[in-house]
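Here is the structure we will look at.
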Amino acid sequence: MTNPDMQKAQDGRVLIFDTTLRDGEQSPGATMSHREKLEIAEMLDEMGVDIIEAGFPIASEGDFAAVKAIAEQTRSATICGLSRANFKDIDRAWEAVKPARSPRIHTFIGTSPLHRAIPNLTMDEMAQRIHDTVTHARNLTDNVQWSPMDATRTEWDFLRRTVEIAIKAGATTINIPDTVGYTAPVESADLIRRLIAEVEGAEDVIFATHCHNDLGMATANSLAAVEGGARQVECTINGLGERAGNTALEEIVMALKVRHDILPYDTGVDSRKIMAISRRVATVSGFPVQFNKAIVGKNAFAHESGIHQDGMLKNAETFEIMRPEDVGLSGTSLPMGKHSGRAALRAKLKELGFDVADNQLNDIFVRFKDLADRKKEVFDEDIEALVRAQGAAEQNIRLKFMRVICGTEAPQSADVILTIDGADHQVTAQGDGPVDAAFNAIKKLVPHNARLQLYQVHAVTEGTDAQATVTVRMEEDGRIVTGQSADTDTVVASARAYITALNRLLVKRALTGAGTDTKSVSYKDAG
């Protein structure tokens, strides 16, 4: 048997050890099915992960079966099974991983005072157990990883002693876990550096790091460990794991890629596959990725601020240190919201196929800002609705204020103020529902004989804060006009659509004097 991982580390690689299927699955509620585990393992293998810790075979028959199936199907990665420091666990792990092209046994024991107290072992008794169990694992495979759990809270002299024992017993990888996310980056680097300098036989093994994120420093601690000499990083997709999670695979891979100037080490991971596996793990685990999560969060390559959007439109490097294509995205997102500026709105309109003049842009921008103040997220469909609802005709009639009273008890009423030819007029009217009351109030202030032919409401996007696009069609003496408006308040959208139609009706009245064929007057003429 040969150990391919040693050669990779000697060639200057940082090995990526993914434990999504073991530590990641230990997140409460993140249990995956057998089929899902095989699917995730296949994706990890295809993206170039060096070692896949496929599970804890002694934990259950299901875990054993999954680890064994992964070992049988995986083409490139080393397959690792976790075991406690006893022969039964180690034998079970070996039975699960031995079909792999490259199998590894990972055995561990808690070495800190708190963890030593659990099995009630003296230091000498624990030292002997480490020797016996690592020796047993090495008799099964030449790829053995040993971990002193809670290493960062273990006394230095005892930690050094146990690491030396594990190396002499045949361990080829020594993993130093920050089990409770206690350490800081400077400590992480110093600990690895000191172990390499002072432990006998350190030059013959790979030192690894496994950091938890309880204080939000898992990735920083892992990168510091690499700077100190670690050549394997244990991590999970999306940082999934116990409590606050682990070092995130995507953060380590991209940090080494982007900061190659200070950490000149390569990984074998194809970063372009990161986004696909991130989304899949989020789905099968039931743990959605937070929007502002580094690399894979929805907002990681999104820019809403007007200053940022303007800079991105001129040169993407002004506000992005990596390309979205590098992690499998098609490009940068410029989500439209209350912080967006005119430049971003113009670019978005152009993207949607609208080439607007400056005065049109100004009008749309005012209404866009008003919408963005009331709506959490403005979608492309919302912007299209704003453009469609824009009335090119002179708005002689404008809605200044409206308040409606509605509910289970009739009558419903609407209090409306319209600005007509520059003067404000107010009226209150009742109706069969809030929309009917609003229309009746408008008709009181702008008397007409037009018949309502069509009233249609369409939700532009999903959600309770979605815009409603209202279309109104009216006919008066052969003159047919339409009005359309969009708003998160359906009644407001209805009133504005009705008023837009009335404005167009006034234009058509002026254009169609006695003897004029109303069918010859176009909507363009009417605005």
Side-chain angles (χ1 to χ4, degrees), residues 15 17 19 22-23 26 51 53 80 82-85 104-119 121-131 133-134 137 144-169 171-202 205-215 217-236 241-247 252:
L15 304 180
F17 178 111
T19 183
R22 200 276 300 172
D23 198 335
Q26 289 176 200
I51 305 104
E53 189 166 53
C80 178
L82 184 69
S83 66
R84 292 166 297 187
R104 176 185 289 194
I105 295 173
H106 177 194
T107 184
F108 73 97
I109 194 167
T111 56
S112 70
L114 287 167
H115 285 263
R116 289 199 304 270
I118 296 173
L121 294 175
T122 67
M123 287 184 174
D124 289 343
E125 289 170 336
M126 180 166 285
Q128 186 63 47
R129 180 174 292 188
I130 293 167
H131 173 270
T133 53
V134 173
V144 177
Q145 175 169 314
W146 178 75
S147 294
M149 186 165 64
D150 204 19
T152 56
R153 294 194 296 173
T154 299
E155 306 95 321
W156 165 250
D157 288 341
F158 188 60
L159 179 62
R160 180 179 61 181
R161 177 187 176 190
T162 56
V163 170
E164 286 182 351
I165 290 170
I167 292 174
K168 290 177 181 178
T172 52
T173 298
I174 300 296
N175 176 51
I176 304 300
D178 184 26
T179 303
V180 293
Y182 175 77
T183 197
V186 65
E187 297 171 312
S188 180
D190 287 347
L191 182 58
I192 296 294
R193 192 178 292 114
R194 191 176 182 189
L195 286 167
I196 292 173
E198 299 185 28
V199 168
E200 184 179 347
V205 300
I206 299 169
F207 277 87
T209 183
H210 177 115
C211 299
H212 279 261
N213 205 40
D214 298 69
L215 293 176
M217 294 190 287
T219 297
N221 282 329
S222 294
L223 291 171
V226 170
E227 192 275 330
R231 292 297 174 265
Q232 175 182 297
V233 175
E234 299 203 1
C235 45
T236 62
E242 290 272 10
R243 304 182 310 280
N246 294 293
T247 300
I252 288 295

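Throughout, numbering of the chain's residues begins at 1 and tracks the sequence. Values below: all heavy atoms of this structure, side chains included; hydrogens, waters and symmetry mates excluded.
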Check whether any side-chain N or O of [X] sits under 3.5 Å from a backbone N or O of [Y] as a donor-acceptor pair, and report yes or no.
| X | Y | result |
| --- | --- | --- |
| Thr247 | Ala218 | yes |
| Asn213 | Met217 | yes |
| Glu187 | Ala184 | yes |
| Thr154 | Ser112 | yes |
| Thr236 | Asn246 | no |

(request) Determine whether more than 12 heavy atoms belonging to other residues, nucleotides or ligands lie under 6.0 Å from atom CD of Glu198. (result)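 Correct, the count exceeds 12.
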(message) Are more than 12 heavy atoms, taken from residues, nucleotides or ligands other than Tyr182, located less than 6.0 Å from that residue's OH atom?
(response)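 Open: at most 12 neighbouring heavy atoms sit under 6.0 Å from OH of Tyr182.
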(request) Check Asp23, Asn175, Asn221 against His210 for a side-chain hydrogen bond (donor to acceptor under 3.5 Å, both in side chains) and give me the one that passes. (result)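 Filter result, single survivor: Asp23.
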Can [X] and [Y] be counted as having a side-chain donor-acceptor contact under 3.5 angstrom?
| X | Y | result |
| --- | --- | --- |
| Asp150 | Thr179 | no |
| Thr19 | Glu53 | yes |
| Thr183 | Thr152 | no |

(message) Could you walk me through whether Arg116 and Glu155 satisfy the salt bridge (charged side-chain N to carboxylate O under 4.0 Å, His left out) test, starting with their C-alpha distance in whole Å, then the side-chain angles of each, then the deciding distance to 0.1 Å, before giving a yes or no?
(response) CA-CA 12 Å; Arg116 289 199 304 270; Glu155 306 95 321; 2.9 Å; yes
Distance check, rounded to the nearest 0.5 Å: [X] atom [atom1] versus [Y] atom [atom2]?
| X | Y | atom1 | atom2 | result |
| --- | --- | --- | --- | --- |
| Asp178 | Met149 | CG | CE | 13.0 Å |
| Leu159 | Arg194 | CG | CZ | 9.5 Å |
| Ile176 | Ser147 | CD1 | OG | 7.5 Å |

(message) Here's a test for you: under side-chain contact (heavy atoms from CB on, under 4.5 Å), which of Met126, Arg129, His131 qualifies with Ile165?
(response)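 The residue from Met126, Arg129, His131 that satisfies side-chain contact (heavy atoms from CB on, under 4.5 Å) with Ile165 turns out to be His131.
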(message) Taking the side chain as everything from C-beta on, heavy atoms only, tell me whether Thr173 gets closer than 4.5 Å to Arg104.
(response)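 Answer yes - side chains close enough.
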(message) A side-chain contact here means heavy atoms from C-beta on lying under 4.5 Å apart; do Leu191 and Trp156 qualify?
(response)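 Yes. Closest side-chain heavy atoms under 4.5 Å.
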